[in-house]
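Remarks on the structure that follows.
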Amino acid sequence: MKLQCDVEVVNRMLPSFGMKSRGKGVRAVVSIGKHLDKSSQRSAIYMMICTAKDRTGSKYKLRGNIEKFFTWFVEEGKATVRLKEPPVDVCLSKADANSLKNFLSAARLADRGSDTSSLPLSTLTPVRARDVEQPKKKLSVMSKKDYPLTSSFPYSLEQLQVSYCKLSRVDMRMLSLKALRRLDLSNNHIKKLPATIGDLSCLSELILHNNHLEAFSEALCLSTLQQTLQVLDLSQNRLQSLPTQFCQLRELMNLKLEDNKLVGLPFQIGRLSKLRFLSAAHNKLTVLPADFFKLSLDNLDLFGNPFIQPNPLDHSMQLAFPLPLQEIASRAVASLRIPYGPHLIPAHLCGDLEAAKTCECGRVCINFFVKTAVSMNLHQVSHTVVLVDDMGGTDAPVQQHFCSLSCYSAFLDSCLQRGLR
């Protein structure tokens, strides 16, 4: 039985000499196994603690020698074993919770003198230097020759960069790094992202700059990334669109989409209320979604997109007279904020409601509306704006929806009156 963790051995006699312990553990391997007792010439079960400074280890007899276990924080990987002789407390921390529980169970059995055949004993031998190194938090692999093919990534990694390695897919070993906060896979050849990236429950930064991505899956948008992801770099890929569910990533603060083939931004981009930096330069955007008005940015870059020149008279009309019953009912559900879900109505109707548009009059429309584009000065949504074109402009076209012909007519009248002034 072996356990890798941080260990501090505290002598309980120190306070009587006016001394204090350091209060900080060191990386160690703690083992339980048999050792020949020289005084009695009999084998006994010992606990051995090996550190970087003492790789041969210090041994402590276990049978009848454990005064108490302190396990209040075992789920956090912490516990203390109080020994009688010598009078020390062995403080364990930063351990895997399940491994720690198994270790403590083995220590209890050894203390009681249980049948040794039922104990998972280890050989008490000196450890290798790499076994007692401090857990690695950060790793960068910047060339294919340095990529670990036979060894695994350190389990403790919080930041991992793997660039210029010509990866065509995400290595599944990376997806077992549960402490990972920043994953940088820029400058590779990745075409598709596995949905299991969404299982990295601590991931706040995902850098995928300069790959071959053609899609960002709905599954990732609906994963735990909703609660953690703050920085997402998808620049220099082959994306043509983003899923409607993309706007579920509501913790996003920095989003880079430049140098793709995007023909549109997610319709509900206004739901990204925490977004502060947005770059979508050099795409194929002709118009911005109506929800763009709701953003509150610090920096915005939309340079190099083929934006149309908005004309209120240019419009597309999807109206029926009278409106179909489904449209009327859907408008009522959206306007009155009636709860809905796939357990109550068909899934495709849920999708329609998620994509509801708001008319200038404040009412909601679903699948039947008049659509046009209006000009918006981007300083309305961002403190700093990179010029939209070479002419020094900061205006861009934004979609506008109208729930009825009367609303559209009123809008045209207001445009005409502004023009006359």
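Quantities reported herein were computed from a predicted structural model and do not represent experimental measurements.
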Supply the atom-to-atom distance Arg181 CZ to Lys137 NZ, rounded to the nearest 0.5 angstrom. 9.0 Å

Nearest non-hydrogen partners of Asn188 and Ser163, listed with the distance: ND2-CA, 3.9 Å

Keeping the roles fixed (side chain from Asp301, backbone from Phe303), state whether a donor-acceptor pair exists under 3.5 Å. yes

Mind running side chain to side chain contact (heavy atoms under 4.5 Å, CB included) on Leu206 and Val231 for me, showing each step along the way? CA-CA 6 Å; Leu206 181 57; Val231 177; over 6 Å; no

Working for side chain to side chain contact (heavy atoms under 4.5 Å, CB included), residues Lys294 and Arg271: CA-CA 8 Å; Lys294 298 178 183 178; Arg271 291 188 177 184; over 6 Å; no

Would the distance check show the side chain of Thr372 and the main-chain N or O of Asp314 forming a donor-acceptor pair, the cut-off being under 3.5 Å? yes

Phe292 versus Val381, closest heavy-atom pair with distance: O-CG1, 3.4 Å

Test log, rule side chain to side chain contact (heavy atoms under 4.5 Å, CB included), inputs Cys403 and Cys361: CA-CA 8 Å; Cys403 65; Cys361 72; 3.8 Å; yes

Would you say that Ser335 contacts Val364 through its side chain, given a criterion of any heavy-atom pair below 4.5 Å between the two side chains? yes

Side chains of Leu302 and Leu300 in contact at under 4.5 Å (non-hydrogen atoms): yes

Over 12 foreign heavy atoms within 6.0 Å of NZ, Lys59: yes

Tell me every residue that passes side-chain contact (heavy atoms from CB on, under 4.5 Å) with Thr196, counting only those two or more places apart in sequence or in another chain. Met172, Leu175, Pro194, Asp199

Heavy-atom closest pair, residues Ala95 and Leu3: CB-CD1, 4.1 Å

What verdict does the side chain to side chain donor-acceptor pair (under 3.5 Å) test give for Asp54 and Thr56, after you've listed the backbone C-alpha separation in whole Å, the side-chain angles of each residue and the deciding distance to 0.1 Å? CA-CA 5 Å; Asp54 181 17; Thr56 56; 3.0 Å; yes

Return yes if some donor-acceptor pair links the side-chain N/O of Asp111 with the main-chain N/O of Asn65 below 3.5 Å, else return no. yes

Heavy-atom count around Tyr164 OH within 6.0 Å, excluding the residue itself: above 12? no

For Lys178, does the NZ atom sit with more than 12 other heavy atoms under 6.0 Å from it, leaving out its own atoms? yes

Any donor-acceptor pair under 3.5 Å from Asp184 side chain to Ser186 backbone: yes

Distance (rounded to the nearest 0.5 Å) between Leu229 CG and Leu220 CG: 9.5 Å

When you measure from the side chain of Arg363 to the backbone N and O of Ser404, does any donor-acceptor pair fall under 3.5 Å? no

List, one per line, each side-chain donor-acceptor pair under 3.5 Å for residues 238-256, sequence neighbours excluded.
from, atom 1, to, atom 2, distance (Å)
Glu251, OE1, Lys274, NZ, 2.8
Glu251, OE2, Lys274, NZ, 3.1

Working to the nearest 0.5 Å, report the span between CD of Gln159 and CG of Leu183. 11.0 Å

Strictly distance-based, threshold 3.5 Å: is any side-chain N or O of Asp259 a donor or acceptor partner for the main-chain N or O of Ser235? no

Is the count of non-hydrogen atoms from other residues, nucleotides or ligands lying under 6.0 Å from Arg276 atom CZ greater than 12? yes

Not counting sequence neighbours, which residues clear side-chain contact (heavy atoms from CB on, under 4.5 Å) with Lys144? List them please. none

Min side-chain heavy-atom separation Leu185-Ile207 under 4.5 Å: no

Inspect the surroundings of CZ in Arg169 and state if more than 12 heavy atoms from other residues, nucleotides or ligands are less than 6.0 Å away. no

Would you please say whether a donor-acceptor pair under 3.5 Å links the side chains of Asn260 and Asn283? no

Checking side chain to side chain contact (heavy atoms under 4.5 Å, CB included) for the pair Tyr60/Val9: CA distance, chi angles, key distance, verdict? CA-CA 11 Å; Tyr60 302 91; Val9 179; 3.7 Å; yes

Ring centers of Phe411, His315 separated by less than 6.0 Å: no

Start with the C-alpha gap between Lys101 and Glu75, add the side-chain angles, then the distance that decides, and say whether salt bridge (Lys or Arg N to Asp or Glu O under 4.0 Å) holds. CA-CA 9 Å; Lys101 290 175 187 177; Glu75 294 294 343; 2.6 Å; yes

Quick one: pull up CD in Glu360 and OG in Ser414 and give me the separation to the nearest 0.5 Å. 6.0 Å

Within the structure provided, determine whether Ser93 and Lys78 are in side-chain contact (heavy-atom separation under 4.5 Å). yes

Distance check, rounded to the nearest 0.5 Å: Phe368 atom CZ versus Ile328 atom CD1? 10.0 Å

Parallel, tilted or perpendicular: which describes the rings of Phe369 and His401, with under 30° parallel and over 60° perpendicular? perpendicular

So do Arg182 and Ser204 actually touch side chain to side chain, heavy atoms under 4.5 Å? no

Quick check against the 3.5 Å criterion: does Ser58 have a side-chain atom that pairs as donor or acceptor with the backbone of Ile49? no

Can you tell if the side chain of Ile345 reaches within under 4.5 Å of the side chain of Val333, non-hydrogen atoms only? no

On a heavy-atom basis, which atom in Ser330 and which in Leu353 lie closest, and how many Å separate them? O-CD2, 3.4 Å

Indicate the atoms forming the closest heavy-atom contact of Leu203 with Thr228, along with that distance. O-OG1, 2.7 Å

Are side-chain heavy atoms of Cys91 and Thr80 found at a separation under 4.5 Å? yes

With a 4.5 Å cut-off on side-chain heavy atoms, are Leu180 and Phe153 touching? no

Charged tip of Lys166 within 45° of Tyr147 ring normal and under 6.0 Å: no

Checking Ser156 side chain against Lys136 main chain: does a donor-acceptor pair fall under 3.5 Å? yes

Could you tell me whether a side-chain N or O of Lys357 sits under 3.5 Å from a main-chain N or O of Ile366, the two making a donor and an acceptor? yes

Locate the shortest heavy-atom distance separating Asn305 from His282; write the atom from each residue and the value. ND2-N, 4.0 Å

Got a second to check how far Leu124's CG is from His35's NE2, nearest 0.5 Å? 7.5 Å

Please confirm whether the backbone N or O of Gly198 pairs with a side-chain atom of Thr224, one donor and one acceptor, at under 3.5 Å? yes

